[in-house]
Amino acid sequence: MSRFTTDLINGIQPYTPGEQPGDKRYIKLNTNENPFYTSQSAVARISESVLRNLNRYSDPECNELTKAIAAYYGVEPANVLVTNGSDEALAFAFYSYCKSGVCYPDVTYGFYDVIANLFGCPIEHIALEKDFTVNFENYFNKGKTVVLANPNAQTGIELSLSNIEQIIKNNRDNIVIIDQAYADFGNCNAIGLTKQYDNLVVVNTFSKSRSLAGARVGYVIASENLISDLKKVKNSFHPYNVNSLSAALATEAIRDENYFKQSVKCVKEGRELLSKGLVELGFTVLPSAANFVLAEHNVICGEVLYKMLKTRGILVRHFNDKRISNFVRITLGTESEINQLIKVIAEIITEKNNEDCGN
Ligand SMILES: *Cc1c(COP(=O)(O)O)cnc(C)c1O
């Protein structure tokens, strides 16, 4: 800390991202990236002409990408705002709508606490049920902004679209933000509801299902009035928020429906393979609708397993939060990565059992 900080900076608790190791080649299953490459037609968009235009600013309206997203979901371009990753979309939405209070589950995406604290938004954590599901009735008539990741971060558990709609209906005078970072891997999508409900903000990203985490592209879909609020904040903070390379990549990625469908299908198949393998090894696996699973072993605690996997070249994520500290979160890799993980965990368990027998 420098000698120039004020209480404002001293009090900040920044987000702790998952490790992005540069030192050694790990099987990387810790930050919910897509194991499959970015769409080849998206990569092909980065042609000479795109590169030759880098002396010009990017389009502050992201017109081409905005139109492609609007066409994909059957909404108007005025219902779409493109952002620098969905973290930026969340920041704009928290700044706009959470100053007088925000509520979300006690186990969810850690960035919500960070951004709420940065902007001084009073936070209410609502406990998940014992089985880690969201009790949707706990979110009725809150009189403050409701934020829900669906499927939920860390647990992977999904709330049905009708439950989401009930939450929106029972909060007509405050905003409901649905963070759909993992929705493409699940069974429901709230974007269609933005036509009916003027209090709904749906936040989406290209980072997970579109294999573009490094490009940093997210977007909001909401009623026209909400989008104009958020645009005002965006243009006050970072008018050229999305660079031209990332906008070109994302525009093509959302048009490449075949590749998208195929890679999402592979991730879902991997989820079945991994869940089954873990259960056979004595894990409890929460029912995931996302591209990761949260799993707890009946003998080896989460932190020990995380460390033992890391020394064996596999990175998973462990969280210190009390309710999930005995779990590890494992991002779905390719089929061969999943098989390798299962093999290594089986070896670790055998080792442990032998130790316990005094061998
Ligand atoms: C990964 C993630 C994000 C952030 O995504 P970016 O678009 O890469 O900023 C937002 N919300 C949740 C729940 C996530 O898991």
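If you're wondering where the values come from, they're calculated on a predicted model, not measured in any experiment. Side-chain atoms are counted along with the backbone in the values below, which use heavy atoms only and exclude waters and symmetry mates. Remember, it's 1-based here, ligands and their atoms both numbered in the order they're listed.
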Looking only at protein heavy atoms, identify the closest one to atom 1 (C) of ligand 1 and say how far it is in Å. Lys208 NZ, 1.3 Å
Nearest-contact summary for atom 13 (C) of ligand 1 - protein heavy atom, Å: Asp179 OD2, 3.3 Å
I'd like to know whether ligand 1 has [X] as a neighbour, heavy-atom separation below 4.0 Å.
| X | value |
| --- | --- |
| Glu88 | no |
| Asn32 | no |
| Tyr182 | yes |

Contact check: Tyr112 vs ligand 1, nitrogen or oxygen atoms, below 3.5 angstrom: no
Are any of the N or O atoms of Tyr109 closer than 3.5 Å to those of ligand 1? no
Atoms in ligand 1 with a heavy atom of [X] nearer than 4.0 Å:
| X | value |
| --- | --- |
| Arg216 | 6 (P), 8 (O), 9 (O) |
| Asp87 | 3 (C), 4 (C), 9 (O), 10 (C) |
| Ser207 | 6 (P), 7 (O), 8 (O) |
| Gly85 | 7 (O), 9 (O) |

Taking the six-membered ring of Phe237 (Phe, Tyr or Trp), confirm whether the NZ or CZ of Lys234 is under 6.0 Å from its centre and within 45° of its axis. no
Out of Ala149, Ala183, Ser86, the nearest non-hydrogen contact to atom 6 (P) of ligand 1 is supplied by Ser86
Is it true that atom CD of Glu335 has more than 12 heavy atoms of other residues, nucleotides or ligands lying nearer than 6.0 Å? no
Taking everything shown except Tyr15 itself, do over 12 heavy atoms lie less than 6.0 Å from its OH? yes
Between Tyr73 and Asn79, do the side chains contain an N or O donor and an N or O acceptor separated by less than 3.5 Å? no
State plainly whether the residues Lys142 and Glu124 are in salt-bridge range, i.e. N to O under 4.0 Å. yes
With rounding to the nearest 0.5 angstrom, report the CZ to OG1 distance, Phe327 to Thr284. 7.0 Å
Walk me through it: do Asn32 and Thr331 pass the test side chain to side chain donor-acceptor pair (under 3.5 Å)? CA-CA 5 Å; Asn32 296 348; Thr331 304; 2.7 Å; yes
Is it the case that the ring center of Phe119 lies less than 6.0 angstrom away from the ring center of Phe94? no
